[in-house]
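All remarks here apply to the structure that follows.
This structure is a prediction, so every number in the text was calculated from the model and none was measured. Just so you know, residue 1 is the first one in the sequence shown, and it goes up from there. The figures here come from the full heavy-atom set of this structure, side chains too, leaving out hydrogens, waters and symmetry mates.
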Amino acid sequence: MTGAFDALAADRSRLERAGAAQRVAEVLRDHITEGRLAPGTRLSEEALGEALAVSRNTLREAFRLLADQRLVVHELNRGVFVRILNPGDVADIYTLRLALETAGVRALHNAASERLAAVRTALARAESAEALDDWVTVGTADLYFHQAVAGLAGSERIDECMAGLMAELRLAFAAVPSARGLHAPFLRRNQVLAGLLESGEIDDAEVELTRYLDDARAVIVRAMTGAGGQ
């Protein structure tokens, strides 16, 4: 049986490169999620290679991974850029969000205490950032709040899917020129949603969540299409 796997030894170096590329992709994805790399940013191989002390081959593999996650695009003869979403992307993302977060709300009564605590923690982080007038951090906390709402389902697959959506959502947020204009009204609504969850009002929480996501999608799409927005 050993002989059947002998050929795999030749691919060990690929595993090493893939491991490094995965870590680089995770770092870049985190920077996108936290708003440090805006849509349209050119990802220079030279600059990133120097900053991260990695080879061009590793970077190219990381870019491939990020492209698979819909976070970057390669433009012929121009390079790799952080992706700019379109209204269809936003509609698709919010359709998936609704399914995942609704699953979390419906599982509320069976949710582990630490899962509900994560909702409170994310909301508190947003409120603290609001007090500092740091609306980029409010937006990041909003992402973690809704990730925690979906997390009430206690599903590893839902957790993984929401984690993958986080950076795409930040790219969507970037379409609205004013971070405060986008996040201030939805922070108030996060507070309402958190209150409903705390009091166990599942039906009302689901209604509020559905309206919330519909409204958020509409604000972003209006900004993208030049039809107004907050």
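For Asn86, the side chain to side chain contact (heavy atoms under 4.5 Å, CB included) partners two or more places apart in sequence, or in a different chain, are Asp89. Take Tyr212 and apply the ring-ring contact (aromatic ring centres under 6.0 Å, His included) test, not counting sequence neighbours, and it matches His146, Phe186. A search for salt bridge (charged side-chain N to carboxylate O under 4.0 Å, His left out) contacts involving Asp92 returns nothing, not counting sequence neighbours. For the ring-ring contact (aromatic ring centres under 6.0 Å, His included) test, no residue two or more places apart in sequence or in another chain qualifies with Phe145.
Heavy atoms from other residues, nucleotides or ligands lying under 6.0 Å from CZ of Arg188 number more than 12. For Asp68, the CG atom is densely surrounded, since the number of other residues' heavy atoms within 6.0 Å is greater than 12. Applying the 6.0 Å contact sphere to CZ of Arg180 captures no more than 12 heavy atoms from other residues, nucleotides or ligands. Crowding of Glu156 atom CD: a count of heavy atoms from other residues, nucleotides or ligands under 6.0 Å not exceeding 12.
Counting all heavy atoms, side chain and backbone alike, Ala175 lies closest to Ala223 at O-CB, 3.5 Å. Nearest heavy-atom pair, Ile84 versus Gly40, reported as atom, atom and distance to 0.1 Å: CG1-N, 3.6 Å.
Between Glu206 and Leu193, the closest side-chain pair of non-hydrogen atoms is not below 4.5 Å. The side-chain heavy atoms of Arg29 and Met166, taken from C-beta on, include no pair separated by under 4.5 Å. Annotation: side chain of Leu28 is in contact with side chain of Leu48 (closest heavy-atom distance under 4.5 Å). A heavy-atom distance below 4.5 Å is found between the side chains of Val207 and Arg211. Residues Met224 and Leu85 form a side-chain contact, since some pair of their non-hydrogen atoms from C-beta on lies under 4.5 Å apart. Using a 4.5 Å heavy-atom threshold, the side chains of Ile93 and Leu169 count as touching. Between Val90 and Tyr94 there is a side-chain heavy-atom pair separated by less than 4.5 Å.
With respect to the salt-bridge test (charged N to carboxylate O, under 4.0 angstrom), the residues Asp30 and Arg36 do not qualify. A salt bridge links Arg64 with Glu61: at least one charged nitrogen is closer than 4.0 Å to a carboxylate oxygen. Arg125 has no carboxylate O lying under 4.0 Å from a charged side-chain N of Asp134, or vice versa, which leaves the two without a salt bridge. Remark: Glu45 engages Arg60 in a salt bridge, criterion side-chain N to carboxylate O under 4.0 Å.
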### Query
Under the side-chain contact (heavy atoms from CB on, under 4.5 Å) criterion, do Leu165 and Leu100 qualify, and how do the steps go?
CA-CA 11 Å; Leu165 278 181; Leu100 299 176; 4.1 Å; yes
### Message
Show, in sequence, the C-alpha distance, side-chain angles and deciding distance for Glu101 and Gln147, and conclude whether the side chain to side chain donor-acceptor pair (under 3.5 Å) test is met.
### Response
CA-CA 8 Å; Glu101 293 187 45; Gln147 185 180 35; over 6 Å; no
### Task
Any chance you could lay out the side-chain contact (heavy atoms from CB on, under 4.5 Å) test for Leu71 and Val82, step after step, and finish with the verdict?
CA-CA 6 Å; Leu71 297 178; Val82 178; over 6 Å; no
### Task
Show your working on side chain to side chain donor-acceptor pair (under 3.5 Å) between Thr95 and Arg217 and close with a plain yes or no.
CA-CA 9 Å; Thr95 296; Arg217 175 189 51 76; over 6 Å; no
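When each of Leu182, Leu123, Asp142 is checked for a side-chain contact (heavy atoms from CB on, under 4.5 Å) with Leu187, only Leu123 meets the rule.
For the 3.5 Å distance criterion, the side chains of Ser199 and Glu201 qualify, holding a donor opposite an acceptor. Judged purely by distance below 3.5 Å, without hydrogens or angles, the side chains of Gln69 and Glu168 never pair a donor atom with an acceptor atom.
From Leu59, atom CG reaches atom CG of Leu43 across 9.0 Å, with rounding to the nearest 0.5 Å. Separating the CZ atom in Arg83 from the CZ atom in Arg70 is a distance of 7.5 Å, to the nearest 0.5 Å.
Members clustered with Phe81: Val73, by chain and number, using a 4.5 Å side-chain heavy-atom cutoff among hydrophobic residues. Under a 4.5 Å side-chain heavy-atom cut-off, the cluster of Ile, Leu, Val, Met, Phe, Trp and Tyr residues that includes Val192 is completed by Leu196.
Between the Thr58 side chain and the Val54 main chain, no donor and acceptor come within less than 3.5 Å of each other.
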